[in-house]
Trainee: 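This is the structure I want to talk about, given as structure tokens.
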Amino acid sequence: CSVAVRGQVYCHNMDCFCLMQKYFLHSPRTAEEFSAYYNFRWQHLRQPLNMPAGSEQDSDEGESFHCMAVCPDQTIIGVGRINQESLSAMRIRYMAVNETMQGMGVGSAILSELLNYAKSKHANLCWLNARKQACGFYQKHGFEIVGQTETGLNIPHCRMVKHLGP
């Protein structure tokens, strides 16, 4: 079990515990960090769909802003990515939070970091394709459902947008 209080969490992986330590957000910087980041994305987003390693990446990785939530013991507990789609619009993809940490603010912190990045790049719109079970999370953060979409993953998704202002 895990408990979170304003960014402080009891989180664990199989052998180590970071008791009441704050997780922190940062972009992966080294090849080792990117490898762990992509592995987390694959384990949480693609492996459950029986998709091969590598399917968690696309051609926009190099032009994207990546964010991960990490415990002091370097255990990744959440990830997300945003990339520029046009001069005024950015797309959020590959959001995932460890199942034991969901509902504790980790996803909200990552999403906030991605939206702040979009604002810093003067985007006035962010959009994403959310799995049906995640739509409520994004709605709580001001995203609106604008339709259904097919992503090729054979699971229902909603197209969602958030206006960031002029």
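Quantities reported herein were computed from a predicted structural model and do not represent experimental measurements. All residue numbers in this chain count up from 1 along the given sequence. Worth knowing before you read on, the calculation uses all heavy atoms, side chains too, and leaves out hydrogens, waters and symmetry mates.
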Trainee: So which atom in F40 and which in N98 form the shortest heavy-atom distance, rounded to 0.1 Å?
Mentor: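 The answer is CZ-N, 3.6 Å.
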
Trainee: Quick check for you: to the nearest 0.5 Å, what is the distance between Q133 atom CD and C158 atom SG?
Mentor: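 Between Q133 CD and C158 SG, I get 10.0 Å after rounding to 0.5 Å.
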
Trainee: Taking all non-hydrogen atoms of both residues into account, name the closest pair between A109 and Y23 and its distance.
Mentor: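 Looking at all heavy atoms of both residues, the shortest contact is CB-OH, 3.7 Å.
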
Trainee: Going by the rule side chain to side chain donor-acceptor pair (under 3.5 Å), which residues pair with S108 if we only count those two or more places apart in sequence or in a different chain?
Mentor: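 Listed in chain order: H141.
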
Trainee: Which atom pairs, one a donor and one an acceptor, fall under 3.5 Å between side chains of residues 57-65 and the rest of the protein, sequence neighbours left out?
Mentor:
residue : atom : partner : partner atom : Å
D58     : OD1  : D60     : N            : 2.8
D58     : OD1  : R81     : NH1          : 2.8
D58     : OD2  : R81     : NH1          : 3.3
D58     : OD2  : R81     : NH2          : 3.3
D58     : OD2  : R93     : NH1          : 2.5
D58     : OD2  : Y94     : OH           : 3.1
E61     : OE1  : Y38     : OH           : 3.4
E61     : OE1  : R41     : NH1          : 3.4
E61     : OE1  : R41     : NH2          : 3.3
E61     : OE1  : R81     : NH1          : 3.4
E61     : OE2  : R41     : NH2          : 2.6
E61     : OE2  : D58     : N            : 3.1
E61     : OE2  : R81     : NH1          : 2.9
S64     : OG   : D60     : O            : 2.5
S64     : OG   : R81     : NE           : 3.2

Trainee: If hydrophobic clusters are built from ILVMFWY residues whose side chains come within less than 4.5 Å, do V79 and I92 share one?
Mentor: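 Not linked; separate clusters.
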
Trainee: Once side chain to side chain donor-acceptor pair (under 3.5 Å) is applied, do any residues pair with E85, and if so which ones, sequence neighbours excluded?
Mentor: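 Testing E85 for side chain to side chain donor-acceptor pair (under 3.5 Å), a comparison that skips the adjacent residues, returns N83.
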
Trainee: Quick check for you: to the nearest 0.5 Å, what is the distance between Q102 atom CD and I77 atom CD1?
Mentor: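 Going from the CD atom of Q102 to the CD1 atom of I77 covers 11.0 Å.
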
Trainee: About how many Å separate NE2 of H157 and SG of C135, when rounded to the nearest 0.5 Å?
Mentor: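 Reported value, rounded in 0.5 Å steps: 8.5 Å.
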
Trainee: What pairs of residues pass the salt bridge (Lys or Arg N to Asp or Glu O under 4.0 Å) test when at least one of them lies in residues 112-121, not counting sequence neighbours?
Mentor: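 Every pair satisfying salt bridge (Lys or Arg N to Asp or Glu O under 4.0 Å) with a residue in residues 112-121: there are none.
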
Trainee: Ignoring hydrogens, what is the shortest heavy-atom contact between M51 and S55? Give both atom names and the distance.
Mentor: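 In terms of heavy atoms, the two residues are closest at CB-OG, 3.4 Å.
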
Trainee: Flag yes if V70 and F34 sit in one hydrophobic cluster, no otherwise; membership is Ile, Leu, Val, Met, Phe, Trp, Tyr, and two members link when side-chain heavy atoms are under 4.5 Å apart.
Mentor: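 V70 and F34: one cluster.
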
Trainee: Is I76 linked to I110 within one hydrophobic cluster, defined over Ile, Leu, Val, Met, Phe, Trp and Tyr using a side-chain heavy-atom separation of less than 4.5 Å?
Mentor: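 Different hydrophobic clusters.
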
Trainee: Minimum heavy-atom separation for V106 and G78, please, with both atom names.
Mentor: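 V106 and G78 have their closest heavy atoms at CG1-CA, 4.4 Å.
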
Trainee: Counting C-beta onward and ignoring hydrogens, is there a side-chain heavy-atom pair between L164 and K162 closer than 4.5 Å?
Mentor: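 Sidechains of K162 and L164: in contact.
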
Trainee: With a 4.5 Å cut-off on side-chain heavy-atom distances among I, L, V, M, F, W and Y, is there a chain of contacts connecting V161 to L114?
Mentor: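 No, separate clusters.
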
Trainee: Find the distance between CD (E56) and CG (L45) and round it off to the nearest 0.5 Å.
Mentor: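 The distance works out to 9.0 Å.
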
Trainee: Could you go through the side-chain contact (heavy atoms from CB on, under 4.5 Å) check for V97 and F137 one step at a time?
Mentor: CA-CA 12 Å; V97 173; F137 166 79; over 6 Å; no

Trainee: Measure the CG-OG distance between L125 and S86 for me, rounded to the nearest 0.5 Å.
Mentor: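 The OG atom of S86 is 8.0 Å from CG of L125, to the nearest 0.5 Å.
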
Trainee: Quick one: pull up CZ in F143 and CG in L111 and give me the separation to the nearest 0.5 Å.
Mentor: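 Reported to 0.5 Å precision, the distance equals 5.0 Å.
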
Trainee: Which atom pair, heavy atoms only, marks the closest approach of M95 to G107?
Mentor: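 It is CE-O, 3.7 Å.
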
Trainee: Answer with yes or no whether the hydrophobic clustering places W42 together with Y37; edges join I, L, V, M, F, W, Y residues whose side-chain heavy atoms lie under 4.5 Å apart.
Mentor: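 No: no chain of side-chain contacts under 4.5 Å links W42 to Y37.
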
Trainee: For Q148, which residues count as a side chain to side chain donor-acceptor pair (under 3.5 Å) partner, sequence neighbours excluded?
Mentor: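 Counting only residues at least two positions away or on another chain, Q148 forms a side chain to side chain donor-acceptor pair (under 3.5 Å) with K132.
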
Trainee: Restricting to pairs with a member in residues 25-35, which pass side chain to side chain donor-acceptor pair (under 3.5 Å), not counting sequence neighbours?
Mentor: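 Non-adjacent pairs meeting side chain to side chain donor-acceptor pair (under 3.5 Å): H26-R29.
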
Trainee: Looking only at non-hydrogen atoms, find the nearest pair between P48 and Q43 and report the distance.
Mentor: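 In this case the closest contact between P48 and Q43 is CD-O, 3.3 Å.
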
